[in-house]
Every structure is written in C-alpha cells, then in structure tokens.
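Values below: every heavy atom of this structure, side chains too, minus hydrogens, waters and symmetry copies.
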Amino acid sequence: MNILNYISGKFTEPDSGEWLEDLSPATGELIALIPKSNQNDVNKAVHAAKEALPQWSSLTNLERANWLDKIADKLESKYEEIATLESKDTGKPISLAREVDAYRSVKNFRFFAEMIRDLNNEIFEMGDATNKVIYKPVGVGALITPWNLPLYLLSWKVAPAIGMGNTVVCKPSEMTPLTADLLMKTIDEIGLPKGVVNLVHGDGIGAGSPLVSHQDISLVSFTGGTSTGSLVAKSAASSFKKLSLELGGKNASIIFNDCNLERTVKGVVRSGFLNQGQVCLCGSRILVQNDIYEEFIDKFVLEVESMKIGDPSDENTILGALISPEHLSKVEEYIEIAKSEGGTILTGGYPDLSEEYKNGNWISPTVIADLDVKSRCSTEEIFGPVVTIHKFNTEKEAVDIANNTRYGLAGSIWTSDLEKGNRVAEEIHTGMVWINTWLHRDLRVPFGGVKDSGVGREGGRWSLGFFSEAMNICTKHD
Ligand code: NAD
C-alpha cells in the first residue's frame, strides 16, 4: 500500500521518488510506504494553499462552518475505519482508538463548526466613537503533528485553521500517516475546494523543516517534543510567523491522605498509563502523602498488574505496543538509569505474548519507587509506560516537588478537601490542573503549557484567536 501526498486536490507521488516505511508497532510488519517529501513537494503544497486563499477567505463564517460539518458527517460515517487504522498504525488498543481518537476527531470538526457559526464581531463603545473588532485569516498555515494521537491532534488544528479562513499545509508524523491520509480522502470526497487543505508526508528534516521556514507560511501550529519545538521556534522567529507550540510534559499527580483511595487508584493508573503512557498529559510522577503511602502503593501495583497487555485489536486489551523500536529503547534506557539512580522496580518487565508479536515494541507497565525527586527519571519526559512514586508530608512539599521540572503542562490533585485542592492547584506552574479526575476535556477551555511545555494556548476561543488576526476599526461619531 502506497500513501500519497495531497496537493491542490490531487493525490501525488513525492518529487524525490523516495519512500519511507510505516511499520506496525505491534508486529514490526510493513504497513505502508509513504512519500519522503522534500523542499519541492513543500513548495508545491504551499503554492496550492496560497492560490486557494483569496477565494476561501472570502467565504462567510457560516459557509466555512457548513464545510466543517460536512467533513464531520463524512468522518463520522468512517468511525470504525478511523479506529481500526489508528490502532494498527499506533499499536494502541482498539477500544481506546474508538473512545478517544475516532470520537474526538469527529467532535473537533463539529465543535469548531459551532463556534465559528456563533462568532460575532466585538463592539467597544466610547463616548464619541465605536470600535469594531473583526477577525481576519492569518494566511497559509503549517500544521505539524506527532504520532501519539494522530487524527485527534490533526483535526484539532485543521478545523479551527480553515474555519477561520486560512488555508493549510499539514505534515503529520512519518510514523502514523494512515488517518491523515483518510482525512485527505474524506476532504476529497466531499469536494472541499482544492488547495484549502494540502498534506505532505515525510520526516522532520526533509518535509517539516522546509515547511516551517517557507516564506509564504504565516503561521505554525506545532505539537511534538520540546527539542523539536525549539528548532521550529528558531526557524519561525526570523520571519515573525505566528507560532503555537504544544510540547512535552512531566506531570505530577498529587495524592492527599484524605482522598477517596479506591477512585484515586483507578484514576491515577489511567493517568499514568493511558495509551501506554504516551500522552503529553500523563501523570508520570505520583506524589503520595505519608499516611497512605504504603497502602496506595499496594493497591496501585495490583491495579497496574491487572491491565491486559497484547493484541491491540482485542476489545479487552488495555495496553498495546510502543510506537517504535527506537522509542522502546529510550524507555528501556530510562529504566536502567532509574536502577542506577537507586530506584526500586515495584513491577515491570516484559509481557508474555504469542510469536506473532515477537518483533513488536512491547514492555510491561513499570512502577518505580525510592528515587530522589531530582533524579533524571523523576524529572525528564520518558513518554512511555513508566511512573515514579514519591512520598511527601506537607502541602508545600508537594507543590515544590510538582514544580521541580523544566516542564509545565498539566497535573492532577486527589483530595476530598476541595478548598485545599483549589489552593494547591493555583500554586502549580502548569497550564492545566485536574482535581479528582484527569483528562476530562471541555473543548471550550484553554489548552497548553508553560515553561518548556510550550508557548500559547489552543482550544475554544483561544484557537479561534490564534488562527486569526484581530483587527480594530475605530469610527468617530459625527
Ligand atoms: P517530534 O518532535 O519528534 O515530532 C513531531 C512532528 O514534528 C513530527 O511530524 C515530525 O516529523 C516533525 N518534525 C521533526 N523535526 C522537525 C523539524 N526540524 N522541523 C519541523 N518539523 C519537524 O515528536 P513526537 O516524537 O512525534 O511526539 C512526542 C512528543 O510530542 C512528546 O514530547 C509529547 O509530550 C509531545 N506531545 C505534546 C502534546 C501537547 O499537546 N503538548 C500532545 C501530544 C504530544
């Protein structure tokens, strides 16, 4: 199966004639070949987006919102196909691909259709003049996405970007091209005007980097690792492109003595290991107050060991494979580092799977205790099924540990004292904190991080703001 670029409404082969392999995380088998795009492919895609811009940006919000709804309708009819492709390409369990990836990909288009339909100019009256704030498209956008939530994150960018009148060039992760291709086929089938959405496949150096630095790109929305984000920011800065960066995290889950222990254990296992721990929001540092430390650990390890690992297409599977052999090696290296740093492995190792999975990227969920809160494993992003557990005594100590990393994306607090929960939440240096829950998403709220977790916010009206230029027109009264 060969996947193609989508440029100016046509599926096209790469200029280089070269292809990259897309491998199954679960079995190591070849799934597809994808274009190894280069500067020429990027130039063609940006040109197509630029050509389409005047016509597309002249549509009304209502007309563009109707297009988003058409995409949502068509995607919804492919719900099961999205889940199956996503599970195959990422190695994640099919149930998760259905509940999270397929569900949110459709929802993102519907949600932004509704927001854009309701968007009005803002009026600010002065005694002698009226200010009218209008929202204009920025231009051609570059949308770059990672492999952990492929269509979920791509649709999160495409919908508000084109909804606000921009045209775009997408560059999905080279490791998970299947649902990006499905989105292009969907867009093609509904007859979206050509050039409004274009897509180049390929790696970061060959396709991502020339896209970000292209002179006709006016905005860059990037989700990925912090070190890549830094390169993207440098490249975008010299020509003052509008920039949104959603980067890595090392999020703390703070568990107080007075929490509901049963619910907290379930919630913190989910937050530690959802998608094999490959979610930027995962709570990979678990801070437990002294009185319940031992009891929490016993219950937590039991719950972790009860998760079924294996065949991603099995409805009962909770944990699938890691994305690539390289990523598995990185996770294994961190476990070795933890041992050398004095950590105790409470549970971990490798799952016992059938022959079919012998070339896949498998590891069991790993829980590590006794590490210093400043150790590498407790402060660096591992992005896999590995959590570290630490004991704290006071509220202040919990806050200090939570804030003790270069990252500042998210966190969760577990307590029956909601006043304390809110007080502690306000002290955490992140963009988001959940109390007695995790990854409970309302698409209207701001999403993003501080420190090395990113720049800017997306979500709800923050997305509409990022994907547009606000302009004020002030009219003096007679
Ligand atoms: P990555 O940074 O390696 O790649 C992300 C994307 O950037 C890919 O499409 C890649 O091809 C492209 N890319 C690579 N080099 C580039 C360059 N020089 N210029 C332009 N594009 C380039 O990240 P990944 O391994 O795919 O994803 C995992 C990371 O993403 C983790 O750090 C995770 O925390 C982060 N993430 C963050 C969020 C968030 O919302 N904050 C969400 C999901 C994942």
Side-chain angles (χ1 to χ4, degrees), residues 1-23 30-53 89 139-147 150-151 153-154 157-158 161-162 166-185 187-188 194-225 227-239 241-243 245 323-324 326-327:
M1 174 177 173
N2 277 20
I3 282 179
L4 300 172
N5 289 334
Y6 186 63
I7 299 175
S8 193
K10 286 202 187 71
F11 289 93
T12 50
E13 297 204 351
D15 174 80
S16 64
E18 291 180 58
W19 303 81
L20 297 170
E21 291 187 337
D22 175 28
L23 302 178
L30 179 68
I31 300 177
L33 292 177
I34 69 161
K36 189 171 191 300
S37 302
N38 62 20
Q39 179 82 59
N40 290 338
D41 301 293
V42 168
N43 289 349
K44 284 182 207 156
V46 175
H47 179 73
K50 199 176 165 190
E51 292 269 288
L53 187 63
D89 220 8
V140 179
L143 311 180
I144 302 184
T145 46
W147 46 260
L151 190 57
L153 288 172
L154 188 59
K157 297 183 190 300
V158 171
I162 64 170
N166 307 283
T167 56
V168 298
V169 179
C170 311
K171 211 303 278 169
S173 169
E174 57 275 34
M175 283 185 270
T176 52
L178 297 187
T179 50
D181 183 54
L182 176 136
L183 178 62
M184 294 309 108
K185 287 178 175 147
I187 278 171
D188 198 61
K194 65 178 190 175
V196 173
V197 176
N198 307 274
L199 185 141
V200 287
H201 290 283
D203 57 25
I205 300 296
S209 178
L211 178 59
V212 172
S213 59
H214 198 289
Q215 60 179 7
D216 290 332
I217 290 290
S218 307
L219 76 82
V220 178
S221 172
F222 172 85
T223 301
S227 53
T228 319
S230 164
L231 294 174
V232 168
K234 272 187 208 133
S235 166
S238 59
S239 50
K241 295 173 175 32
K242 237 184 148 178
L243 185 65
L245 298 173
I323 189 69
S324 65
E326 295 75 23
H327 192 52

Counting distance only, does the side-chain N/O of [X] pair as donor-acceptor with the main-chain N or O of [Y] below 3.5 Å?
X    : Y    : result
K241 : H214 : yes
S209 : G204 : no
T167 : G195 : no
N198 : V168 : yes
D41  : N38  : yes
N166 : G139 : yes
D89  : L178 : yes
K36  : P14  : no

Looking at [atom1] of [X] and [atom2] of [Y], how far apart are the two atoms once the value is rounded to the nearest 0.5 Å?
X   : Y    : atom1 : atom2 : answer
N43 : H47  : CG    : NE2   : 10.0 Å
N2  : D181 : CG    : CG    : 10.5 Å
I7  : E13  : CD1   : CD    : 11.5 Å
T12 : L199 : OG1   : CG    : 10.0 Å
I34 : E21  : CD1   : CD    : 10.5 Å

T223 and K157 side chains, donor-acceptor separation under 3.5 Å:
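Short answer, yes.
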Looking at residues at least two apart in the chain, or sitting in another chain, which of them share a side chain to side chain contact (heavy atoms under 4.5 Å, CB included) with S173?
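Expected list: W147, M175, T176.
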Taking all heavy atoms of L243 and all of A236, pick out the closest pair and write down the distance.
CD1-CB, 4.1 Å
Pairs meeting criterion salt bridge (charged side-chain N to carboxylate O under 4.0 Å, His left out) with involvement of residues 1-12, two or more places apart:
none
Check whether more than 12 heavy atoms from other residues, nucleotides or ligands sit under 6.0 Å from atom NZ of K242, and answer yes or no.
yes
Matching residue for C170 among V197, V200, T145 - test: side chain to side chain contact (heavy atoms under 4.5 Å, CB included):
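In the set V197, V200, T145, the residue that makes a side chain to side chain contact (heavy atoms under 4.5 Å, CB included) with C170 is V197.
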Hey, mind stepping through Y6 and I187 against side chain to side chain contact (heavy atoms under 4.5 Å, CB included) and telling me if it holds?
CA-CA 10 Å; Y6 186 63; I187 278 171; 4.2 Å; yes
Given V220 and V212, is the side chain to side chain contact (heavy atoms under 4.5 Å, CB included) satisfied, shown in steps?
CA-CA 7 Å; V220 178; V212 172; 4.2 Å; yes
Side chain to side chain, L211 and V46, heavy atoms closer than 4.5 Å:
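Yes, side chains in contact.
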Going by heavy atoms in the side chains, are D22 and L30 under 4.5 Å from each other?
no
Run K44 and D15 through side chain to side chain contact (heavy atoms under 4.5 Å, CB included) and show every step you take.
CA-CA 10 Å; K44 284 182 207 156; D15 174 80; 4.0 Å; yes
